[in-house]
> 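Next up is a structure, given as structure tokens.
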Amino acid sequence: MYNEFGISNKAKDLVLNAEENLKEEFKKIDELCDVNSLKVLNAFNKNNISEAHFGSTTGYGYDDIGRDAIERVFSSVLKAEDALVRSQFISGSHALCVALFAYLRPKDLMLSITGTPYDTLHEVIGIKENKSSLKSFGVRYDQIELIDNDFDYEKIKEYLRNNKVKLIEIQRSKGYSKRKSIVIEKVEKVIKEIRSVDKDVIIMIDNCYCEFVEDKTPLEVGADIIVGSLIKNLGGGIAPNGAYIAGKKELVDLAGERLTLPGEGREVGPTLGINKSILQGLFMAPSVVASALKTAVLTSKVLGDLGYDVEPLYNEKRADIVQNITFGNESDLVKYCIGIQGASPVDSFAKPSPWDMPGYDDKVVMASGSFTQGSSIELSCDGPIREPYIAYQQGSLTYSYGKIAVMKAITILTESN
Ligand SMILES: *Cc1c(COP(=O)(O)O)cnc(C)c1O
């Protein structure tokens, strides 16, 4: 059956042998899944979720009890005072954009302390010219680089002593960079340092890909506001689109005023029939994230065994669901992506090739045969066409499908070498 699916015996054996050595890692992931499942179920119970919440509104979307209940459930899962969970957010990037425009005013200063932010924010901030950027409204921006995969604590404190900063952005997941993603202990440490100098600065976390990977959220270690996408971890592969902004109530309300319009804010926003999917997605999310983590750990072990540089290592502590494989050349990167695409449930016949994706600086090769367009909690793999040709793989709704896809990708990678 494996051969019939285009998987070589060699690839199958490599993967099955690697899997034998992962029992300890998988046990930790199962325990994490239990803890997160408990959190979710508790939130559903406390908020008395019932079929009435699966209803829908149209038009303005006033009095949508399902939408309000969803926001309470997300708040309790994320340990937030409040949360805005809406399908009117196109994606995580849009939610980040809404948050930035909600909190920053002309002359305000925004500071990233994780180096250059995610590609799609370059035009939002004005790092890359755009007539509608924050910069075009007179919002100033500066950044401090990470050093050795950690915050430059002294430089950050020095900067805060000398400048009145309105908002600090911390991007936990690595995006298309070579750095490591940032575990919660480091977020906790840097927030303590920041607060020792500045009690008022808004600390905003780009939490994309990090939900349910560790047992604490950034809000539990002092962050003011966190932002993430529903076509990643918390959507559980079921939410059709959307994103969330969660944290301090006052900041969540401000984001609502900006997402819709001042004066109507969070009171409007029709749900058009998706409430049940959002709730069901959150319900599935602990288990789906666990499957994605197992797929990442397996990928790291097998590709590492094959001699490729992988980050994180299979037994390293993870902050997110992203697995890097450094291929060192365009051809292997593209081959690997072709293999992942070939093992997708949707568009398996498509052959990924590098293209100019809107919002990204380099050409990107992308394998994504997902039920939901662009969903990256479903197995997907992409990489910018630039040195050193790193693949960024994430997701898989189940571990079995992830494992099969890795076998297929390795078949294509190894047979033509
Ligand atoms: C995915 C991601 C985003 C948002 O991406 P969307 O595709 O717009 O949802 C933002 N920041 C990071 C670090 C991400 O990984």
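The chain is numbered in sequence order, starting from 1. Start at 1 and go down the list; that is how both ligands and their atoms are numbered.
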> Heavy-atom contact under 4.0 Å between T120 and ligand 1?
no
> Could you tell me whether a side-chain N or O of T260 sits under 3.5 Å from a main-chain N or O of G265, the two making a donor and an acceptor?
yes
> Does ligand 1 have any atom sitting under 4.0 Å from a heavy atom of D320?
no
> Determine whether any heavy atom of K232 lies closer than 4.0 Å to an atom of ligand 1.
yes
> Looking at L96, which atoms of ligand 1 are within less than 4.0 Å of one of its heavy atoms?
10 (C)
> To the nearest 0.5 Å, how far apart are CD1 in I412 and CE in M407?
14.5 Å
> Nearest protein heavy-atom contact for atom 11 (N) of ligand 1: which residue, which atom, what distance?
D206 OD2, 2.6 Å
> Give the numbers and elements of all ligand 1 atoms closer than 4.0 Å to a heavy atom of S93.
4 (C), 5 (O), 6 (P), 8 (O), 9 (O)
> Does the side chain of Y209 pick up a donor-acceptor pair with the side chain of S229 at under 3.5 Å?
no
> Taking the six-membered ring for Trp, are the ring centroids of F26 and Y399 within less than 6.0 Å of each other?
yes
> Near Q171, which atoms of ligand 1 are under 4.0 Å from a heavy atom of that residue?
13 (C)
> Which label fits Y118 and Y176: parallel for a plane angle under 30°, tilted from 30 to 60°, or perpendicular past 60°?
tilted
> Could you tell me if T299 and Q323 have a donor-acceptor pair between their side chains, going purely by distance under 3.5 Å?
no
> Which of the atoms of ligand 1 are close to S229, meaning less than 4.0 Å from one of its heavy atoms?
9 (O)
> Considering residues, nucleotides and ligands other than K317, do more than 12 of their heavy atoms fall under 6.0 Å from its NZ?
yes
> Numbering the atoms of ligand 1 from 1, which are under 4.0 Å from a heavy atom of Y209?
15 (O)
> Under 4.0 Å from a heavy atom of G92: give me the atoms of ligand 1 that qualify, with their elements.
4 (C), 6 (P), 8 (O), 9 (O)
